[in-house]
Amino acid sequence: MHELAIADALVQIAVRHAEGRPVARVEVEVGHLRQVVPAALAFSFALCAEGTPVEGAELAITQVPAAGDCPSCEAERALDSFPLLCPECGGEVELTRGEELRVTCLELDVEQELQEPMTTTSGRAAT
């Protein structure tokens, strides 16, 4: 179940970029060739986020279909199954999509951040 390792990495990225601020939503693109099960990734994400500023954040997954350029046909073709060959002429293709695994957007929970009391350097709540 590599989804757990992926989820842990996503949470670490979100925590690092949020710099302690609460996170409302994490958007990711996952290529078809990564063979990630969205439900398993969402479950793992919730587990990994517990106790972090990412806890309770929505994970929005955009699945990217596989595609490749065919030098013979000179066109980009969708690749639905293995082997990764051009569905028109059977030639080898150069992958152009389908291996993505990236965070595309991180949405912070500004409302929750504004409700939390600000502290001064002495540690007391600012008034």
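Keep in mind the model is a prediction, meaning the values are calculated, not measured. Positions are given from 1 along the sequence.
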Handout entry: Side-chain heavy atoms of I6 within contact of S44, under 4.5 Å
Key = no
Handout entry: R77 to C73 - nearest heavy-atom pair and separation
Key = NH2-CB, 3.4 Å
Exercise for the section: Mind checking the CZ-CD spacing from R97 to E29? Nearest 0.5 Å is all I need. Expected result: 10.5 Å
Completion exercise
For L106 and A18, the nearest pair of non-hydrogen atoms, with its separation, is CD2-N, 4.1 Å
Problem - E88 side chain near C70 side chain, heavy-atom distance below 4.5 Å - result: no
Exercise for the section: Decide yes or no for V103 and E27: does some side-chain heavy atom of the first lie under 4.5 Å from some side-chain heavy atom of the second? Expected result: no
Completion exercise
Here the gap from E74 atom CD to C86 atom SG, rounded to the nearest 0.5 Å, amounts to 11.5 Å
Handout entry: Distance in Å, C48 SG paired with E55 CD, rounded so as to fall on 0.5 Å steps
Key = 12.0 Å
Problem - Flag side-chain contact, heavy atom, 4.5 Å: V37 against E3 - result: yes
Exercise for the section: Verify whether one side chain among T96 and E76 offers a donor that lies under 3.5 Å from an acceptor in the other. Expected result: yes
Practice task
Would you give the length of the straight line joining atom CG of L108 to atom CZ of R21, rounded to the nearest 0.5 angstrom?
Solution key: 5.0 Å
Practice task
State the CG-CG distance between L79 and L33, to the nearest 0.5 angstrom.
Solution key: 7.5 Å
Exercise for the section: Please check if L85 and V93 belong to a single hydrophobic cluster, counting links between Ile, Leu, Val, Met, Phe, Trp and Tyr side chain heavy atoms closer than 4.5 Å. Expected result: no
Exercise for the section: Could you tell me the separation between the CG atom of L84 and the CD atom of E94, rounded to the nearest 0.5 Å? Expected result: 12.5 Å
Completion exercise
In short, A60 meets R25 closest at the heavy-atom pair CB-NH2, 3.3 Å
Problem - Student check: side-chain heavy atoms of V28 and T104 closer than 4.5 Å - result: no
Practice task
For residues L41 and L10, determine if any side-chain heavy atom of one lies less than 4.5 Å from a side-chain heavy atom of the other.
Solution key: yes
Practice task
Would you mind reporting whether V23 and T52 have side-chain heavy atoms less than 4.5 Å apart?
Solution key: no
Completion exercise
Taking every heavy atom of C89 against every heavy atom of S72, the minimum-distance pair comes out as SG-CB, 3.8 Å
Problem - Pair R34-E99, side-chain contact (heavy atoms from CB on, under 4.5 Å): steps then yes or no - result: CA-CA 6 Å; R34 293 288 174 184; E99 294 185 307; 4.2 Å; yes
Handout entry: Pairwise side-chain contact, F45 with V26, heavy-atom cut-off 4.5 Å (strictly under)
Key = yes
Problem - Single-linkage hydrophobic cluster, 4.5 Å side-chain cutoff, L95 and V64 together - result: no
